[in-house]
Amino acid sequence: MQLSKKDLERRNAKEQMKQLGINPYPSELFPVTHYAKQIKQEFDERKADEFKEVTLAGRIMSRRIMGSASFAELQDSTGRIQFYVRRDDICPDEDKNLYNTVFKKLIDIGDIVGIKGFVFKTQVGETSVHVTELTVLTKSLKPLPLPKTDAEGNVHDAFTDPELRYRQRYVDLIVNPKIRETFKKRTQLVNTMRTYLNDKGYLEVETPILQPLYGGAAARPFKTHHNTLDMTLYLRIANELYLKRLIVGGYDGVYEFSKDFRNEGMSRFHNPEFTQVELYVAYKDYNWMMELVEEMIEKVAIDLHGTTKVPVGDKEIDFKRPWKRFTMFEAIEHFTGIDISEMDEAQLKETARKLNVPVDDTMGKGKLIDEIFGEKCEGNLIQPTFITDYPVEMSPLAKRHRTKEGLVERFEAIANGKEICNAFSELNDPIDQRRRFEEQLELGKRGDAEAMTLDEDFLRAIEYGMPPTAGLGIGIDRLAMIMTNSKSIQDVLFFPQMKPEKKSVVLSEDEEMVLGLLKKEGKMDLEILKSAANLSNKKWDKAIKGLTRHELAVVKKTDTSLDVILL
RNA sequence: GAUUCGAUAGCUCAGCCGGUAGAGCAUCUCCCUUUUAAGGAGAGGGUCCUGGGUUCGAAUCCCAGUCGAAUCACCA
């Protein structure tokens with residue numbers, strides 16, 4: 001690794017600390033008595049006695065050295081607090097090294113230290129800790145980006161480059177404290193839902209991520225391989241089929257917070273792995289489930305914001321119950337003025353064309369309706385709204401509607417123009433379920449890459465009998481985006497999926513030269529390349545092995561030749 | 001996958017009529033015992049994303065690529 005001058009300076013400072021007998025990475029526990037936020041909230045000059053001795057630990061975020069006294073800021077998990085170091089306080093004897101050398105020269109911004117002292121207010125009124133003892137806890141070898149906020153609240157030199165923020169989230173979390181809040185809210189959101197579901201007596205369970213058959217949603221999976229069993233396994237795209245097996249097994253209510261994986265495009269709404277909660281409750285239907293969703297999400301909003309009203313972009317979304325309800329056909333009629341409820345496939349295709357909704361031949365009736373809805377309605381639904389009663393063709397796991405022909409008892413909740421949950425009265429007629437799976441196989445043959453596969457074991461399970469059940473799935477990332485006012489899914493994932501950082505490979509002169517020759521051709525016969533390189537056998541061997549080790553080139557043997565191929 | 005925009009010092013950015021690479025903060029040296037975007041004096045720091053091309057000369061113009069962002073498409 002190439003070290004910058006600043007890297008070297010910090011490494012050097014670390015060595016000097018050691019020479020002065022200071023361990024830059026001590027092992028002993030450091031007993032913290034107070035936190036930054038707590039002191040700033042509670043301190044008052046009349047109560048100075050209560051803050052005669054406080055101990056804090058954290059990272060140094062700024063320094064203002066004024067000769068033999070200094071101000072600096074310490075950042076702990078709760079925030080920042082200023083501290084004041086005076087040479088003659090921390091070095092009462094002749095030896096002034098701790099201040100002059102260690103504090104002023106060897107300690108840098110970014111280092112983690114412990115401070116002990118008393119709390120006071122400076123002449124300008126800033127609550128600060130007057131340090132009497134300073135302990136190095138961890139020497140930092142990398143300089144931090146240093147955003148600063150001026151008196152008007154303007155941030156200067158902010159660390160904003162999304163690529164760096166996502167790739168080095170740890171730095172993002174250090175210098176952009178609001179990011180830490182976003183992720184705390186995300187966890188609170190999950191905690192609220194978990195508490196709510198536990199209080200209802202439902203059982204949190206875990207089901208397989210590696211599955212021999214993937215199912216429960218319309219999506220393309222990730223494929224992997226198990227060596228011992230020598231078989232293909234898929235990463236789950238949904239939990240549905242396993243959770244329903246548990247309802248067959250006799251639990252009244254089961255739920256799972258789970259990472260699911262879909263091998264599809266990435267965007268500000270899509271990450272290849274994402275989090276869902278799925279819930280199944282026996283002896284209930286989709287009407288009952290709508291009420292649960294309203295109540296649970298309203299509770300999330302209140303727990304996170306203290307109110308049902310949540311700011312999202314330039315809008316305000318109010319999660320107060322009850323939410324608006326539309327059937328899918330009503331919604332389409334509302335936004336397009338066209339009643340499609342009685343149309344056949346040809347008429348739907350014609351209508352879609354008229355509305356400028358793109359169509360192709362793989363689309364069946366259900367898919368066409370879904371496209372029209374997605375194109376013309378979904379984005380307009382800002383306030384939380386339930387859309388109910390979907391076409392049977394696009395809901396192969398949902399129960400047929402008790403009164404409306406061709407529809408199923410399904411709903412989605414939509415907020416800020418995006419689906420936040422999907423639920424239905426679960427199909428528990430095994431004969432009908434088999435037929436629906438078979439229809440999916442047909443769609444697959446027509447070219448629908450997301451059509452579902454037929455799961456014989458799941459069918460066997462419901463042949464034993466699954467009670468009438470209501471099922472629900474909520475996209476946690478999407479909900480977290482709304483609840484934290486985040487524009488991108490990457491802002492609610494600590495480590496969003498990204499392409500790997502480009503390896504910076506340092507090549508030898510010979511390797512560079514051979515690579516240069518190869519780059520002109522892309523692919524060359526090994527003997528030709530070798531003679532063009534004009535190296536000794538030994539040097540040639542070293543260069544070509546270096547290139548293949550760095551995965552810049554590969555040597556491939558065919559029946560007739562030995563080729564070197566540029567990667 | 002498509003289109004548009006971007007990549008210059010550790011961070012944020014300027015330079016882009018082609019002519020030896022700049023600012024603020026950070027870093028280093030010195031001064032400064034209640035400052036707060038502390039201040040003052042001085043110094044160092046760059047494969048201008050990569051590779052080609054045009055040119056006497058390219059950070060700047062052209063082509064290709066890498067990475068990223070935004071919008072759209074598929075999707076939760």
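Any value given below was found using the heavy atoms of this structure, including those in side chains, with hydrogens, waters and symmetry copies removed. Chain identifiers are assigned alphabetically (A, B, ...) following the order of the sequence lines, protein sequences preceding nucleic acid strands; residue numbering begins at 1 within each chain.
Close to B/A38, at under 4.0 Å from its OP1 or OP2, lies a side-chain N or O of A/Lys148. Between A/Ser68 and the phosphate of B/U33, there is a side-chain N or O to OP1/OP2 separation shorter than 4.0 Å. For the OP1/OP2 pair of B/U71 and a distance below 4.0 Å, the side-chain nitrogens and oxygens of A/Arg268 include at least one atom meeting the criterion. The phosphate of B/C28 has neither OP1 nor OP2 within less than 4.0 Å of any side-chain N or O from A/Lys105. A sub-4.0 Å separation between OP1 or OP2 of B/U35 and a side-chain N or O of A/Gln82 is absent. For A/Arg64 and B/U35, the shortest distance from a side-chain N or O to OP1 or OP2 is not below 4.0 Å. The phosphate of B/C74 (OP1 or OP2) has no side-chain N or O of A/Arg220 nearer than 4.0 angstrom.
Proximity note for A/Leu164 (side chain, C-beta onward) versus B/C11, B/A26, B/U36: the nearest is B/C11. Listed candidates were B/U34, B/C28, B/U12. Nearest to the side chain of A/Phe120 is B/U34. Nearest nucleotide to the side chain of A/Glu371, out of B/C74, B/U36, B/C67: B/C74. Taking only side-chain atoms of A/Leu146, from C-beta outward, the nucleotide of B/U33, B/A26, B/C74 with the closest atom is B/A26. Nearest to the side chain of A/Asp157, among B/C11, B/G68, B/U34, sits B/C11. When the nucleotides B/U35, B/C11, B/A69 are ranked by their closest atom to the side chain of A/Pro145, B/C11 comes out on top. Comparing B/C25, B/C28, B/U35 by their nearest atom to the side chain of A/Glu126 picks out B/U35. When distances run from any side-chain atom of A/Tyr84 to the nucleotides B/G68, B/U35, B/U33, the shortest one goes to B/U33. For A/Met66, taking side-chain heavy atoms from C-beta onward, the closest of the listed nucleotides B/A26, B/A38, B/C11 is B/A38. The side chain of A/Ile109 approaches B/A26 more closely than any other nucleotide in the set B/C32, B/A26, B/A73.
Residues A/Glu393 and A/Lys367 are not paired through a salt bridge, judged by the lack of any N-O separation under 4.0 Å between the basic side chain and the carboxylate. Of the charged side-chain nitrogens involved, at least one lies within less than 4.0 Å of a carboxylate oxygen, so that A/Asp491 and A/Arg165 count as a salt-bridged pair. By the 4.0 Å N-to-carboxylate-O rule, A/Arg169 lies close enough to A/Asp172 to be salt-bridged with it.
Comparing the P positions of B/C13 and B/G40 gives an interatomic distance of 25 Å, to the nearest angstrom. B/A59 and B/C74 have their P atoms separated by 44 Å, given to the nearest Å. Between B/A38 and B/U4, the two P atoms lie 43 Å apart (nearest whole Å). Comparing the P positions of B/G57 and B/A7 gives an interatomic distance of 25 Å, to the nearest angstrom.
By the neighbour-count criterion of 12 heavy atoms within 6.0 Å, atom CD of A/Glu15 is densely surrounded, having more than that number from other residues, nucleotides or ligands.
The shortest side-chain heavy-atom distance between A/Val408 and A/Phe424 does not fall under the 4.5 Å cut-off.
In terms of position on RNA chain B, the residue among A/Ala158 and A/Gln490 whose nearest nucleotide sits closer to the 5' end is A/Ala158.
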